[in-house]
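Heads up: the structure comes next, in structure tokens.
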Protein chains: 2
Amino acid sequence: MAERRSAQQRPPLTRAQVVSEALAAIDADGVDALTMRKLADRLGVYPTAVYWHAGNKAALLAAVCEHVLAELELPPVHDGTDWQEWIRAMARAARATLHAHPNIVPVMGGQMQVVPSSFPLVESVLTVLRTAGFEGSRLTDAYNTVIGFVFGWIFGELSAEPTDADADWTEAFRRRLYSASPSATPVLAANLPHLAGQALMLRWESGSTHPLDSSFAMAVDVLVAGLAVVARAT
Amino acid sequence: MAERRSAQQRPPLTRAQVVSEALAAIDADGVDALTMRKLADRLGVYPTAVYWHAGNKAALLAAVCEHVLAELELPPVHDGTDWQEWIRAMARAARATLHAHPNIVPVMGGQMQVVPSSFPLVESVLTVLRTAGFEGSRLTDAYNTVIGFVFGWIFGELSAEPTDADADWTEAFRRRLYSASPSATPVLAANLPHLAGQALMLRWESGSTHPLDSSFAMAVDVLVAGLAVVARAT
DNA sequence: ACCTGAACACCGTTCAAGT
DNA sequence: ACCTGAACACCGTTCAAGT
């Protein structure tokens with residue numbers, strides 16, 4: 001139980017403090033460990049004070065997601081920006097930002113709906129894609145292609161680790177994977193050294209500790225090259 | 001409180017029953033509404049019986065995710081399969097499967113780690129990508145590119161709706177979006193009719209009720225075209 | 001405006017006991 | 001093996017009251 005000084009002895013809490021303390025707690029212990037009560041303790045305050053600033057837990061988590069997204073430093077867009085280079089730089093920046101807060105990423109994945117702080121991101125992506133030749137409803141499709149690809153891919157990379165409690169389950173899977181039948185799954189069996197622990201759905205460690213750098217590099221190559229082809233086909 | 005017949009009067013519960021009842025409950029009411037106790041009620045059983053079959057809640061959710069993934073009907077792979085067509089068909093099948101159970105998808109997104117039932121998927125994707133010209137560590141990268149793209153994109157499309165409780169918040173965002181400054185965000189403002197409610201991060205409805213069909217079509221075009229370019233560059 | 005303090009309904013999980 | 005029954009520690013949230 002944290003020490004709790006009386007309200008008069010310190011400046012009043014702000015919403016921004018609540019949100020960044022929540023993010024710090026999530027970064028440290030994961031999102032499942034975040035509790036309105038524990039957060040209040042960290043802030044030296046009663047749980048109801050958190051409610052006053054944050055509304056409720058869902059709203060607090062949404063605010064944390066927005067705070068993280070706001071940390072994203074977009075590459076500048078100017079006249080003559082190379083759209084392919086810009087998309088590569090944006091993808092790198094997005095990945096760096098999400099890797100800095102991997103524990104909140106699964107929550108962000110479930111909240112990709114309505115994010116006010118995304119306006120600059122939206123505007124930049126649209127501007128750049130227009131120079132690639134997309135317009136009208138195809139501009140929206142291209143935007144969704146890019147955003148869904150970049151963020152969705154990183155969400156997958158950063159999906160949560162199995163908990164410690166699943167240690168034996170993980171071990172069992174590992175064994176089952178290494179004894180994959182060369183007759184039923186020959187290509188898998190032949191490529192095990194490259195795949196095990198490195199391929200999506202065949203890993204037991206999150207991308208936060210085992211980043212998939214070369215795969216992400218190829219994914220971005222594919223995105224940019226594919227966009228170029230599709231833009232030309234208009 | 002559901003009627004609860006005594007244990008002797010009905011056949012014993014199975015793990016499969018527990019898992020599919022959990023999925024049915026999630027499909028109906030969402031994942032937040034699923035409670036070990038409510039699930040037990042649906043099954044006409046005490047909560048501890050659920051624990052006997054499913055271990056704990058995290059394991060139950062993992063089992064539900066695996067069950068959904070097992071529903072995925074992969075297109076057949078044979079000699080002479082066109083890799084581009086196969087990837088398109090697989091992407092469509094994956095999307096259909098996830099759209100059939102949108103409420104569990106955010107959980108799947110956070111669990112994309114270790115999924116035994118994914119072996120056939122892995123084997124098929126690897127086989128097909130080899131015919132496209134990928135080998136060794138680049139085969140793993142190409143696999144991650146495809147899986148991360150297809151599933152990640154759909155995760156984004158199916159991210160959860162804001163709850164009813166956020167109705168006024170949603171309304172406020174909608175208003176803010178429609179009054180987006182043409183000077184600060186000109187391209188956004190000019191394309192609002194296409195974007196509002198249809199672009200990732202600018203929507204207030206999930207892809208389960210408002211599917212992003214044309215965007216997904218373009219995304220798949222981009223993926224396949226980009227893979228072809230990158231494969232050639234080897 | 002901002003916070004304390006107490007309370008309510010509910011939840012995941014465990015343990016002992018039954019059959 | 002499979003389930004009942006009771007219990008524990010904890011949680012999100014609300015409401016009234018203080019300053």
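So you know, we letter chains A, B, ... as the sequences are listed, proteins then strands, and number each from 1.
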| query | Under 4.0 Å: is that the gap between some side-chain N or O of A:H53 and OP1 or OP2 of C:dC3? | reply | yes
| message | Going by the rule side-chain contact (heavy atoms from CB on, under 4.5 Å), which residues pair with A:P211 if we only count those two or more places apart in sequence or in a different chain? | response | A:R95, A:H99, A:E157, A:D213
| query | Would you say D:dC3 has OP1 or OP2 under 4.0 Å from some side-chain N or O of B:Y46? | reply | no
| task | Using the test side-chain contact (heavy atoms from CB on, under 4.5 Å), find all partners of B:D141 that sit at least two apart in sequence or belong to another chain. | result | A:S214, A:S215, A:M218
| message | Going by side-chain hydrogen bond (donor to acceptor under 3.5 Å, both in side chains), name the pairs with one or both residues in residues 25-36 of chain A, residues two or more places apart or in two chains. | response | A:D27-A:H101
| query | Parallel, tilted or perpendicular: which describes the rings of B:Y178 and B:W204, with under 30° parallel and over 60° perpendicular? | reply | tilted
| task | Please state how far atom CH2 in B:W52 lies from atom C1' in D:dC3, giving the value in whole angstrom units. | result | 10 Å
| said: Strictly under 4.0 angstrom, non-hydrogen atoms only: write out the protein contact profile of nucleotides 10-18 of chain C, one letter per nucleotide from the 5' end, B, S or -. | reply: -BBBBB---
| field | Sequence neighbours excluded - salt bridge (Lys or Arg N to Asp or Glu O under 4.0 Å) pairs with any residue from residues 184-202 of chain B | value | none
| note | side-chain contact (heavy atoms from CB on, under 4.5 Å) filter on A:S183, not counting sequence neighbours, yields A:S181
| field | Interface with DNA chain D, restricted to residues 18-30 of chain A and to heavy atoms under 4.0 Å | value | none
| message | Please enumerate all residues that pass ring pair (Phe, Tyr, Trp, His ring centres under 6.0 Å) together with A:Y51, with sequence neighbours excluded. | response | none
| With sequence neighbours excluded, residues passing salt bridge (Lys or Arg N to Asp or Glu O under 4.0 Å) with B:E21 | B:R42
| query | Using a 3.5 Å cut-off on both pairing distances, which stems of three or more Watson-Crick or G-U pairs include DNA chain D? | reply | C:4-8 with D:12-16, C:12-16 with D:4-8
| Residues forming a side-chain contact (heavy atoms from CB on, under 4.5 Å) with A:N191, sequence neighbours excluded | A:V187, A:H194, A:L195, B:L139
| query | Which salt bridge (Lys or Arg N to Asp or Glu O under 4.0 Å) pairs, counting each pair once, include a residue from residues 172-187 of chain A, with sequence neighbours left out? | reply | A:E171-A:R174, A:E171-A:R175
